[in-house]
Amino acid sequence: MWLVGAGPGDPGLLTVRGRELLATADVVVTDRLAAAVLLDVARPDAHVIHVGKSPTTSRSQDEVNALLVEHARAGARVVRLKGGDPFLLGRGGEEAEACAAAGVSCTVVPGVTSAIAVPAYAGIPVTHRGVAQDLAIISGHLPPGHPDSTVDWAALGASRATIVVLMGVARLVDIVDALLAGGRPPATPAAVVERGTTPAQRVLRTTLDALVVDAVAFGLRSPAVLVVGEVAARRDAAVPIPPVAAATAAPGARAGSGWPGAAGGAPLAGIRVLVPRTRARQGLLARRLRELGAEAVETVVSRLLPTGDATPLREALPGADGLVLADSDEVAAVVSLLRGAGTDVRALTGLTLVAASASAAAALDALGLACVRSSAEVQVAYTVVTEVPVPGLRVVICGAAAPPVGIRTLRRVPLLVDAPAEADPRIAEELRHGDLDAVTLASSTAARCLVELYGPLPDGVLVAAMGRRTAQACEAMGLRVDAVPSEPGIYPLAAAVVDLVASRRAPTA
Ligand code: SAH
């Protein structure tokens with residue numbers, strides 16, 4: 001088993017040794033912060049296990065330890081990939097210990113730690129001749145004063161050392177208070193670097209006393225590194241993070257960086273976008289966002305349920321010649337509505353059943369019901385119905401099918417309603433931890449169901465809504481909308497996300 005440091009995010013900061021091991025691993029057990037490195041390097045057939053390590057994730061440290069031991073014992077080449085350096089605030093020691101206890105050999109491969117590299121990318125040297133000769137790297141996980149904390153905050157406040165705090169975003173108020181109480185001057189420079197070394201890097205520079213207020217205004221989110229001390233005001237040899245608009249104009253600006261697309265102009269590289277999906281726009285929006293470099297996280301937020309009211313259907317059937325069914329869900333809904341009304345498919349006797357899709361045809365077929373249908377799946381009712389040799393055909397159209405041109409539509413009967421699907425705990429957790437940068441809402445149903453499932457979104461998440469109706473639905477659900485494209489469509493919506501991200505990056509680029 002190899003305990004490999006992945007570096008802070010930029011794949012170019014993975015060590016040569018780490019890369020060699022990763023490229024030959026059978027099993028890779030990775031943290032979320034380390035995952036970007038993987039795309040580049042791991043074998044396509046490697047078994048990759050994500051163990052998003054955060055205080056609330058499902059896998060405990062014991063489970064991770066057990067997983068490592070189990071795969072190593074099974075004879076696999078196991079790489080445990082950890083953000084930054086495995087032995088700095090990463091619990092790598094515990095994993096090594098667990099392996100040793102189980103008789104599994106374990107070797108550490110140090111990594112470039114975020115504690116030093118992330119400030120460096122922002123131009124902050126953690127020590128500087130004549131300014132700071134000592135550096136304290138602190139975990140902000142436990143607040144100052146916590147009984148389990150081993151940190152002497154008072155002494156840190158009294159010293160002139162550079163202080164680098166990891167995992168400190170949630171404890172910012174307590175940390176600032178403790179340092180001021182210890183005697184740090186209020187005007188001490190402070191800087192926070194969010195998602196350092198990635199294309200999404202943002203930097204906030206302020207002073208200790210203004211840090212909390214400024215961080216709120218900045219919309220600071222984890223992961224971020226806090227630097228307190230005189231060095232935090234410096235800008236020495238910062239690594240240029242290409243502003244989105246300039247990315248194509250200056251290819252190679254980041255020679256040596258491994259970020260796919262960062263220098264090549266993928267405008268959403270490093271950006272994670274939540275794409276709530278209803279049935280209607282399956283996959284296309286996510287695909288477009290991926291083309292633009294984003295990591296699109298799709299989640300189904302609504303499902304279709306039968307309306308529960310058979311009356312409109314039963315009233316529509318007498319006098320109709322045909323019934324157009326959009327898909328298998330509608331077929332199932334008809335069956336269940338009729339059953340609920342104390343009858344069954346025999347109520348359809350004499351009707352020409354029109355399947356407007358292959359799934360509708362298959363569902364009718366399974367019920368032993370003959371139907372007519374179009375050969376092309378996407379050809380909805382029109383072609384199909386005109387093939388039916390009944391002059392003056394009167395049809396009843398179910399919910400989603402398009403009305404056939406030239407055919408008398410008796411009535412459109414809604415069969416299904418959108419209801420929120422199951423909440424996905426992983427999505428809830430990512431939202432809670434600020435791991436998602438933006439959300440695209442392609443319909444009012446998506447907006448409504450998203451909020452019903454996950455509650456109000458965290459402030460930092462950018463929201464792009466497809467059109468006016470969707471934006472109104474967002475507002476009705478208490479959701480702030482940051483962008484509405486001037487015309488509806490998947491491309492304009494994705495472009496709106498690009499613009500939003502660009503405007504958000506601009507002040508710090
Ligand atoms: N072993 C890791 C640290 C793990 S603790 C290392 O050596 O870097 C996780 C914390 O590291 C985060 O809460 C954040 O404070 C910091 N961190 C890791 N990667 C970061 C990044 N790219 N940008 C900003 N902070 C980062």
May I ask you to test the [X]-[Y] pair for a side-chain heavy-atom distance under 4.5 Å?
X      : Y      : result
Leu166 : Leu88  : yes
Pro144 : Asp177 : no
Val501 : Asp437 : no
Asp418 : Arg448 : yes
Leu441 : Leu479 : yes
Leu450 : Leu457 : yes
Val484 : Arg468 : no
Asp10  : Tyr121 : yes

Is the count of non-hydrogen atoms from other residues, nucleotides or ligands lying under 6.0 Å from Arg303 atom CZ greater than 12? yes
Arg235 atom CZ, neighbour heavy-atom count above 12 within 6.0 Å: no
Would a distance-only check, ignoring hydrogens and angles, find a side-chain to backbone donor-acceptor pair under 3.5 Å from [X] to [Y]?
X      : Y      : answer
Tyr454 : Asp424 : yes
Ser302 : Thr278 : no
Asp26  : Arg77  : yes
Thr162 : Thr127 : no
Arg202 : Arg195 : no
His146 : Asp148 : yes
Glu63  : Ser60  : yes
Arg480 : Asp459 : yes
Asp482 : Ala464 : no
Arg205 : Ala232 : yes

Least distance between heavy atoms, [X] atom then [Y] atom:
X      : Y      : result
Ala210 : Thr206 : CB-OG1, 3.4 Å
Ala25  : Val79  : CB-CG2, 3.7 Å
Ile116 : Pro119 : O-CD, 3.4 Å
Leu3   : Pro86  : O-CG, 3.7 Å
Val203 : Ala122 : CG2-CB, 3.8 Å
Pro125 : His128 : CG-ND1, 4.2 Å

Glu452 and Met477: side-chain contact (heavy atoms from CB on, under 4.5 Å), yes or no, with the steps? CA-CA 9 Å; Glu452 282 184 24; Met477 299 301 287; 3.9 Å; yes
Would you compute the distance between atom [atom1] of [X] and atom [atom2] of [Y] and round it to the nearest 0.5 angstrom?
X      : Y      : atom1 : atom2 : value
Leu453 : Ile427 : CG    : CD1   : 10.5 Å
Met466 : Thr440 : CE    : OG1   : 8.5 Å
Ser222 : Arg432 : OG    : CZ    : 13.0 Å
Leu305 : Leu415 : CG    : CG    : 12.5 Å
Leu13  : Thr113 : CG    : OG1   : 11.0 Å
Glu95  : Lys82  : CD    : NZ    : 3.5 Å

Derivation and outcome, salt bridge (charged side-chain N to carboxylate O under 4.0 Å, His left out), residues Arg80 and Asp31: CA-CA 9 Å; Arg80 170 70 172 114; Asp31 292 348; 2.9 Å; yes
Pair Arg17-Glu20, salt bridge (charged side-chain N to carboxylate O under 4.0 Å, His left out): steps then yes or no: CA-CA 5 Å; Arg17 181 87 183 108; Glu20 282 167 7; 3.2 Å; yes
Just do the salt bridge (charged side-chain N to carboxylate O under 4.0 Å, His left out) check on Arg288 and Glu291 with the steps written out, would you? CA-CA 5 Å; Arg288 177 63 190 148; Glu291 282 167 8; 2.7 Å; yes
Walk me through whether Val193 and Val227 qualify under side-chain contact (heavy atoms from CB on, under 4.5 Å). CA-CA 8 Å; Val193 187; Val227 187; 5.5 Å; no
Take Val112 and Thr197 through the side-chain contact (heavy atoms from CB on, under 4.5 Å) test and state the conclusion after the steps. CA-CA 11 Å; Val112 172; Thr197 82; over 6 Å; no
Would you say the side chains of Arg184 and Ser159 form a donor-acceptor pair under 3.5 Å? yes
Can Val165 and Val228 be said to form a side-chain contact (heavy atoms from CB on, under 4.5 Å), step by step? CA-CA 8 Å; Val165 183; Val228 177; 5.7 Å; no
